[in-house]
Amino acid sequence: MPVKNRELALAFERIGDALEFRGENPFKIIAYRRAARILNDLTEDIEVIHAKGALRSIPGIGEGIAKKIDEFLRTGKMKKYEEVVGDIPDGFLELMAIPNLGPKTLGLANKELGVRSLSDLKRVILDGSLARLPRMGEKKVANILKGIERFEVSKERISLGEAFPLVTRVTDRLRQLKEVHQVSPAGSLRRSKETVGDIDILVSAETGREVIRAFTHMPEVEERLAEGDTKGSVVMAGGHQVDVRVVPENSYGAALQYFTGSKAHNVKLRSMARERGLKISEYGVFKGERKVAGKTEEEVYGILNLPWVPPELREDRGEIEAAMKGKLPSLVEYVHIKGDLHVHSDYSDGAASLEEIAEEAKRLGYEYVAICDHSKSVRYAGGLSEERILEQLEHIARLNEKIGNFTILAGTEVDILQNGTLDYPDRLLEKLDIVVAAIHMGFKQNCTERMQKAMDNPHVDVIAHPTGRLISSREGYQIEIHKIIEKAAATGTALEINAYYDRLDLSDVNVRTAKEYGVHLSIGTDAHNLHQLWMMKLGVGVARRGWLEPEDLLNILPVDALRDFVNVKRKRS
DNA sequence: GCCGTTTTCGGCCCGACTGTTTTCAGTCG
């Protein structure tokens with residue numbers, strides 16, 4: 001994300017928090033938070049938009065916020081920020097993330113008891129003074145204390161790749177119950193968001209009690225938080241919360257729509273409904289007292305004259321406007337994928353042999369798989385010497401003759417060195433079917449220029465994990481992603497959607513920007529063993545969140561067309 | 001603070017749950 005987009009988003013987020021804490025007009029708070037979200041989601045650099053004088057053309061950015069953006073970009077400061085956030089102690093606003101403790105209570109504790117930090121808060125709980133404030137009591141304070149415990153141990157959101165297998169186990173189990181009609185994950189997991197908060201699962205059934213009981217008594221359940229007739233909530237082994245809700249068949253669609261979110265998408269949908277004299281809730285769409293839709297999601301969208309919107313698009317990033325105009329993209333699907341374009345074998349640091357990988361890829365229904373082991377400088381990952389990769393090349397050729405109806409593509413994940421040259425010479429690269437290039441060392445050293453230089457090489461077909469981020473632990477290279485995308489467009493180089501669960505790099509928003517620049521994308525799992533090949537599904541999720549249609553992806557090409565793509569760039573020079 | 005084929009002012013999504021209340025405020029999703 002462009003650096004100013006991020007800084008402005010953070011500033012508006014903080015202003016929103018501060019205003020909430022100060023008990024300001026809630027709609028003003030929403031406006032700031034909306035602006036923060038818009039800046040996070042923006043595919044363009046806000047400085048570019050500012051230079052064009054087009055700030056006000058962004059929906060959700062009005063006169064006030066446009067002025068503040070302008071002030072910040074010109075002077076590096078924002079008066080409003082200093083005013084409302086300036087004198088609040090560091091870390092105080094974060095206390096609003098404590099479950100069961102909201103701005104009102106925090107504000108009260110601050111005003112009446114001088115609470116300014118987490119340790120202050122604990123003190124006024126323990127000495128009983130918080131419980132004596134108006135509308136407070138023993139139980140409320142006990143809940144806040146529980147919230148603090150969760151806050152302190154809170155593993156933040158878990159990654160999609162960890163949540164996915166967990167939710168599949170639960171939904172498979174629920175489907176076996178005779179009371180159950182339909183089962184679906186909901187929430188951010190259904191939207192394929194890269195991280196997931198609590199895991200929500202929706203069930204339609206005639207009676208809820210037995211379903212909930214079966215769920216809360218699954219062997220993996222560590223703690224039961226709630227166990228009613230329509231809702232069950234547990235902590236699973238590993239500390240992740242999972243909620244199951246049971247609804248009757250005739251409101252399943254409305255409930256699924258509701259619990260899938262995102263919040264911003266739903267808010268917009270509801271406000272559209274209101275303009276038409278309709279009311280949407282998780283029970284259905286109502287005209288006065290009369291229920292007019294709710295059995296399926298298609299019905300809910302249909303009553304607003306909209307086509308069904310794929311869950312991955314439901315982020316209020318223009319999908320509702322596109323749906324109104326009949327311009328929703330027809331998104332790529334997992335069944336379109338003909339091969340995995342980034343897999344490691346036991347030649348470098350992977351666990352599986354070429355034979356095993358080919359067999360498994362074939363079983364998954366692919367037509368090809370690209371073996372992209374590390375190059376010689378990446379010692380810690382068993383990078384291949386030039387002799388060794390030539391051996392591998394011959395090995396692949398022999399296997400391809402043996403296997404019918406399937407192609408192993410000889411590739412490499414060649415390192416982009418500190419000076420921007422590649423770790424193998426061109427005379428070697430030209431022997432390979434596909435060349436994926438990546439940075440693994442010197443994350444802070446002019447990465448933008450190095451990648452640009454690499455893309456100028458006619459043999460480089462794909463840039464792997466272009467930002468280098470690790471979701472759980474690392475920010476990524478210091479790069480200007482827009483320059484990378486522009487260069488990819490100019491040189492006919494594809495950018496990777498690395499589907500490894502902790503990477504998902506490029507991210508959804510960057511994928512969408514790349515598409516807008518006409519860049520092709522390539523999904524690779526970066527799998528280091530057979531089991532990890534399933535993560536292609538995560539990559540497809542990111543592609544769909546980036547609005548990709550089949551033709552935007554290399555992976556949907558038959559093998560000959562894929563070779564054509566490679567040759568076009570090689571012949572250019 | 002944003003926004004407008006009913007509005008440039010007066011709205012802004014909706015409901016459940018909980019705990020504190022004697023009619024409702026706060027928090028959550």
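Sequence lines set the chain letters: A, B, ... in the order given, protein chains first and strands last, and positions in each chain run from 1.
Both A/Glu138 and A/Lys279 sit near DNA chain B, but only A/Lys279 has its closest nucleotide nearer the 5' end. Each of A/Glu275 and A/Ile29 has a nearest nucleotide on DNA chain B; the 5'-most of these lies closest to A/Ile29.
Contact check on A/Arg224 versus A/Asp243 returns no salt bridge, with no Lys/Arg side-chain nitrogen under 4.0 Å from an Asp/Glu carboxylate oxygen. With salt bridges taken as basic N to acidic carboxylate O contacts below 4.0 Å, one links A/Glu549 and A/Lys515. With respect to the salt-bridge test (charged N to carboxylate O, under 4.0 angstrom), the residues A/Arg37 and A/Glu13 do not qualify. Between A/Lys4 and A/Glu7 there is a salt bridge, since at least one side-chain N of the basic residue sits less than 4.0 Å from a carboxylate O of the acidic one. A salt bridge links A/Lys268 with A/Glu321; the closest basic N to acidic carboxylate O contact falls under 4.0 Å. Of the charged side-chain nitrogens involved, at least one lies within less than 4.0 Å of a carboxylate oxygen, so that A/Glu315 and A/Arg191 count as a salt-bridged pair. In this structure, A/Glu299 does not pair ionically with A/Lys295, as no charged nitrogen and carboxylate oxygen lie closer than 4.0 Å.
Only the C1' atoms considered, B/dT7 is 13 Å distant from B/dC12, to the nearest whole Å. Straight-line distance between the C1' atoms of B/dT18 and B/dT23: roughly 15 Å, to the nearest whole Å. Comparing B/dT8 with B/dG4, their C1' atoms sit 8 Å apart, to the nearest whole Å. Remark: the separation of the P atoms in B/dC2 and B/dC13 is 15 Å, to the nearest Å. Straight-line distance between the P atoms of B/dG10 and B/dG15: roughly 25 Å, to the nearest whole Å. The same atom, P, is picked in B/dT27 and in B/dT21; the two are 15 Å apart, to the nearest Å. For the C1' atom pair drawn from B/dT20 and B/dC24, the interatomic distance equals 9 Å after rounding to whole Å.
Residues from residues 64-83 of chain A lying near DNA chain B, meaning a heavy-atom separation below 4.0 Å, are A/Gly64, A/Ile65, A/Lys68 in numerical order.
For the pair A/Leu19 CG and B/dC2 P, the interatomic distance rounds to 12 Å; values are reported in whole Å. Between the CG atom of A/Asp229 and the P atom of B/dC17 there is a distance of 11 Å, rounded to whole Å. The interatomic distance linking A/Lys291 (NZ) with B/dC14 (P) rounds to 17 Å, in whole Å. If you measure from atom CE of A/Met272 to atom P of B/dC14, you get 14 Å, rounded to the nearest angstrom. Between the CZ atom of A/Phe27 and the C1' atom of B/dG1 there is a distance of 11 Å, given to the nearest Å. Here the P atom of nucleotide B/dC14 and the CD1 atom of A/Ile30 are 12 Å apart, to the nearest Å. A/Ile58 has its CD1 atom 17 Å from the P atom of B/dG1, to the nearest Å. Residue A/Glu63 contributes atom CD, which lies 10 Å from atom C1' of B/dG1 at whole-angstrom precision.
Here the shortest heavy-atom pairing between A/Tyr500 and A/Met535 reads CA-SD, 3.8 Å.
Checked by atom type, the side-chain pair A/Arg190/A/Thr260 shows a donor-acceptor distance below 3.5 Å. Between the side chains of A/Ser507 and A/Glu194, no donor-acceptor pair is found at a separation under 3.5 Å. Between A/His482 and A/Glu44, the side chains place no donor N or O within less than 3.5 Å of an acceptor N or O (distance only, hydrogens not considered).
Residue-level contact check: A/Leu269 touches neither bases nor backbone, having no heavy atom under 4.0 Å from any strand. The residue A/Glu24 sits apart from the nucleic acid: no heavy atom pair falls under 4.0 Å.
Listed candidates were B/dG15, B/dC13, B/dG1. Nearest to the side chain of A/Lys28 is B/dG1. When distances are taken from the side chain of A/Arg34 to each of B/dC12, B/dA16, B/dC2, the shortest belongs to B/dC2. Comparing B/dT18, B/dG15, B/dG1 by their nearest atom to the side chain of A/Asn143 picks out B/dT18.
Base-pair partner of B/dC24: B/dG19 (Watson-Crick or G-U wobble, both distances under 3.5 Å).
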Anything under 3.5 Å between a protein N or O and an N or O of nucleotides 25-29 of chain B, put it in a table, one pair a line.
residue: B/dA25; atom: O4'; partner: A/Arg135; partner atom: NE; Å: 3.4
residue: B/dG26; atom: O3'; partner: A/Thr105; partner atom: OG1; Å: 3.3
residue: B/dT27; atom: OP1; partner: A/Gly102; partner atom: N; Å: 2.7
residue: B/dT27; atom: OP1; partner: A/Gly102; partner atom: O; Å: 3.2
residue: B/dT27; atom: OP1; partner: A/Thr105; partner atom: N; Å: 3.2
residue: B/dT27; atom: OP1; partner: A/Thr105; partner atom: OG1; Å: 2.5
residue: B/dT27; atom: OP2; partner: A/Lys104; partner atom: N; Å: 3.2
residue: B/dC28; atom: OP1; partner: A/Asn100; partner atom: N; Å: 2.5
residue: B/dG29; atom: N2; partner: A/Tyr258; partner atom: OH; Å: 2.5
residue: B/dG29; atom: N3; partner: A/Tyr258; partner atom: OH; Å: 3.3

